[in-house]
Amino acid sequence: MMLVTVGIAMVVGLGYFLGIYNSLIALKNLIARSWSNIDVLLKQRHDKLPKLVSVCEGYMKHERQVFDRLSEARGALVRARGVAERAQAESQLTSALGQFFAVAEAYPDLKANAGFLQLQSRISDLENQIADRREYYNDTVTTFNTRIQQIPDMWVGQWQGMQAAELFKADEADRRDVEIKFAIAS
């Protein structure tokens, strides 16, 4: 009878262990998938920027600094590796886009251009989707990180060498007020 009880306890324990292991693996894969979803949207936004710049260059001839900042931000995004670098570069690009659209407000002809309006709308839509996906990614990372710090999940996570995932954080510069200067055409 004792042997049967020990056998049942071992089977239940093994089932419990496997349940924890499988759920941690599912969360780990969910983090990877949610990051990939962000990456897809970032790529879409990245692909729209040259078109936006092309439409605007004729109107905004005296705004070279705005174009340069946008170009630098795109370059930083291409060079970024890992979540922290991508987050920082992505924040830099978001800030540059905000300044770009603010400067564009000073050009009534540009604001009336159908191509500009369509691109502005698409990029704004992508920005909203990116924000939603970031939130989902961070929720998933937080759940995973919490689980691998709680007993008994911690034991399974340590046994498998699981480490905390990195949150997608806003850059410190993005928390400051944006200074916008308009160049006055002579």
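Both backbone and side-chain heavy atoms feed into the values below; hydrogens, waters and symmetry mates do not.
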Next item on the list: Find the distance between OG1 (Thr142) and CG (Leu27) and round it off to the nearest 0.5 Å.
Entry: 11.0 Å
Margin query: Please report the interatomic distance CG(Leu42) to CG(Leu93), rounded to the nearest 0.5 Å.
Written below: 8.5 Å
Next item on the list: For the residue pair Arg33 and Thr140, confirm or rule out a side-chain donor-acceptor distance under 3.5 Å.
Entry: no
Check: Around atom CZ of Phe17, are there more than 12 heavy atoms of other residues, nucleotides or ligands at under 6.0 Å?
Finding: yes
Next item on the list: Mind listing the closest non-hydrogen atom pair of Ala165 and Ile31 along with its distance?
Entry: CB-CD1, 4.0 Å
Notebook entry, point to check: Does CG in Leu3 sit with more than 12 non-hydrogen atoms of other residues, nucleotides or ligands closer than 6.0 Å?
Noted result: no
Notebook entry, point to check: How long is the span from the OG1 atom in Thr94 to the CZ atom in Phe100, to the nearest 0.5 Å?
Noted result: 14.5 Å
Check: Just wondering, do Met154 and Ile151 contact through their side chains at under 4.5 Å, heavy atoms?
Finding: yes
Notebook entry, point to check: Of all heavy-atom pairs between Leu97 and Glu127, which one has the smallest distance, and what is that distance?
Noted result: CD1-OE2, 3.4 Å
Margin query: As a test of understanding, state which of Asp139, Asn145, Thr143 forms a side-chain contact (heavy atoms from CB on, under 4.5 Å) with Val141.
Written below: Asn145
Item checked: From Lys51 atom NZ to Gln118 atom CD, the distance as rounded to the nearest 0.5 Å -> 9.5 Å
Item checked: Validation row: Phe144, Ile148 side chains within 4.5 angstrom (heavy atoms) -> yes
Notebook entry, point to check: Between Ala76 and Gln92, which heavy-atom pair has the shortest distance, and what is it?
Noted result: CB-OE1, 3.6 Å
Item checked: Arg133 side-chain N/O to Gln129 backbone N/O, donor-acceptor pair under 3.5 Å -> no
Item checked: Leu167 to Val83 - nearest heavy-atom pair and separation -> O-CG1, 3.8 Å
Checklist line | Pair Lys43 + Asp47: basic N to acidic O under 4.0 Å | finding: yes
Next item on the list: Rounded to the nearest 0.5 Å, what's the gap from CD1 on Ile130 to CZ on Phe168? Could you check?
Entry: 8.0 Å
Margin query: Looking at every non-hydrogen atom in both residues, tell me the closest pair between Leu49 and Ile123 and how far apart they are.
Written below: CD2-CD1, 3.8 Å
Margin query: Distance check, rounded to the nearest 0.5 Å: Glu85 atom CD versus Glu166 atom CD?
Written below: 9.5 Å
Item checked: Heavy-atom pair with the smallest gap, counting every atom of Cys56 and Phe116 -> SG-CD1, 3.4 Å
